[in-house]
Amino acid sequence: MSEDEVEIPEDHPRYQSLLTRHRIEEGVEKGITSKQGLIAEGRGEAFDYLLGEETTPSADEAERVAAAHLLLADHPVLSVNGNVAALVPGELVELAEVVDADLEVNLFNRTEERLQKIAEHLREHGAEDVKGLKADARIPGLSHERAKVDADGIYDADVVLVPLEDGDRAEALAEMGKTEIVIDLNPLSRSPQTAAVPIIDNIIRAIPNITEHARDLQDEPRAELERIVAEFDAEETLEAAERQIREGVAEREREQERKRES
Ligand code: PTJ
């Protein structure tokens, strides 16, 4: 946590949301996050509010399954964009270490300057090797900048973690036969809908929780990890998140009503 973040009192009821905003704002100021990243953050925040701003049991299960996939993978890669780099740089480096994954910068609004700044930012948080700068391979069927990947990075990966993604690349990666783990607060968005493992949670909570699960699971035999992966139902996870949004809001409204009446 940087020193400026101490300014937000931890007992503030919206501490996490303010912290997230602050990190994104700082990301834009440093030239890591795009201005569109501010809009994406606002969109995510609205869904997080509806989800109750906590990791639901179904998201926690998806995070455990994600950890199992990453541990089973031959070549896992964690994809990093401008929002992800601003929100969870150190947490991503830690996850990459635990599951032995590569970190690769992949941007929608790609500029050489922002690529370099993000790679440097990750190195400042302990990353040794950051991929995405060579861009010597292409994801077939994608016309925009996100098609540009490293031949020995995302192109070669068997399992890819793609947080805060747009739907196009998620679909193209799935067509390449890669197992995709998507983190997105909107269960109706196209990227979690195409993912093998959709995680409907705030990336700020999701990444440390995947790391914790990976630590718990790392000594399990392969057969146990394969069982965890095989038993997962992506459709059910998406439905649970949608239910939480619809019913959770109604339940909280009823709760407030009860409080007003008593
Ligand atoms: O850095 P770049 O150039 O690669 O651009 C990155 C952004 C995020 C700007 C770009 O990919 C974009 O415009 O994305 P979208 O289409 O706005 O989608 C972002 C998705 O992430 C939305 O569905 C949001 O609900 C979700 N989201 C936003 N913040 C969070 C989040 N999901 C999890 N955790 C968050 N903190």
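The residues of the chain are indexed from 1 along the displayed sequence. All figures in this text were calculated on a predicted structure; none of them were measured in a lab. Whatever order the structure lists them in is the order used to number ligands and atoms, beginning at 1.
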Under 4.0 Å to a heavy atom of Gly37 - the qualifying atoms of ligand 1, by number: 9 (C)

Heavy atom of the protein closest to atom 4 (O) of ligand 1 (residue, atom name, distance): Phe108 N, 2.7 Å

Glu45 with Arg21: basic N within carboxylate O range, under 4.0 Å: yes

Within-cut-off N or O pair, Phe47 and ligand 1, under 3.5 Å: no

Where ligand 1 meets Arg146 - atom numbers and elements under 4.0 angstrom, heavy-atom basis: 4 (O), 11 (O)

Exercise: do Asp156 and His75 side chains pair donor with acceptor under 3.5 Å: yes

Path from Val159 to Val182 over hydrophobic side-chain contacts below 4.5 Å: no

Atom 17 (O) of ligand 1: nearest protein contact (heavy atom, Å): Arg43 NH2, 3.0 Å

Atom 7 (C) of ligand 1 - nearest protein heavy atom and its distance: Asn83 OD1, 4.3 Å

Residues Glu53, Arg205: salt bridge by 4.0 Å N-O rule: no

Minimum heavy-atom distance between Pro187 and Ala241, given as atom pair plus value: CB-CB, 4.0 Å

For atom 26 (C) of ligand 1, the option (of Asp48, Asp184, Ile199, Asn186) bearing the nearest heavy atom: Asp184

NZ/NE/NH1/NH2 to OD/OE distance under 4.0 Å, Glu120 and Lys117: no

Leu87: numbered ligand 1 atoms lying under 4.0 Å from its heavy atoms: 36 (N)

contact_flag Asn202 ligand 1 heavy-atom lt 4.0 Å: yes

Any Glu45 heavy atom less than 4.0 Å from ligand 1: no

Element-labelled atoms of ligand 1 that are located less than 4.0 Å from some non-hydrogen atom of Leu107: 1 (O), 4 (O)

Identity and distance of the protein heavy atom lying nearest atom 6 (C) of ligand 1: Asn81 ND2, 3.7 Å

Within-shell test, Arg110 vs ligand 1, heavy atom, strictly < 4.0 Å: no

Residue-ligand contact Ile204/ligand 1, heavy atom below 4.0 Å: no

Non-hydrogen atoms of Asp102 and Asp152 that approach each other most closely: OD2-O, 4.0 Å

Per-atom contacts, ligand 1 versus Gly82 - under 4.0 Å to a heavy atom: 1 (O)

Backbone or side-chain N or O of Thr20 under 3.5 Å from ligand 1 N or O: no

His213: partners by ring-ring contact (aromatic ring centres under 6.0 Å, His included), with sequence neighbours left out: none

Gap separating the CD atom of Glu128 from the CZ atom of Arg123, nearest 0.5 angstrom: 11.0 Å

Nearest-neighbour protein heavy atom for atom 32 (N) of ligand 1, which is reported as residue plus atom name and distance: Leu185 N, 3.2 Å

Atom 3 (O) of ligand 1: nearest protein contact (heavy atom, Å): Arg114 NH2, 2.5 Å

Heavy-atom closest pair, residues Ile32 and Arg114: O-NH1, 2.8 Å

Side-chain H-bond candidate by donor/acceptor type, Arg169 with Asn106, under 3.5 Å: yes

Please report, to 0.1 Å, the donor-acceptor pairs under 3.5 Å made by any side chain of residues 34-41, with sequence neighbours excluded.
unit_1: Ser34; atom_1: OG; unit_2: Gln36; atom_2: N; d: 3.4
unit_1: Ser34; atom_1: OG; unit_2: Gly37; atom_2: N; d: 3.1

Numbering as shown, the atoms of ligand 1 that approach Asp201 to under 4.0 Å (heavy-atom distance): 33 (C), 34 (N)

Atom 34 (N) of ligand 1: the protein heavy-atom neighbour that sits closest, reported with distance to 0.1 Å: Ile203 N, 3.0 Å

Ile183 CD1 to Ile203 CD1 distance, which is reported to the nearest 0.5 Å: 4.5 Å

Atom indices of ligand 1, in the order listed, that fall short of 4.0 Å to a heavy atom of Gly44: 24 (C), 25 (O), 27 (N), 28 (C), 29 (N)

Nearest neighbour in protein (non-hydrogen) for atom 13 (O) of ligand 1: Gln36 OE1, 4.0 Å

Geometric N/O contact Ile183 with ligand 1, under 3.5 angstrom: no

Selection from Ala85, Ala40, Ser34 by shortest heavy-atom distance to atom 14 (O) of ligand 1: Ala40

Where Asn81 and Leu107 come nearest, the two heavy atoms and their spacing: CA-CD2, 3.7 Å

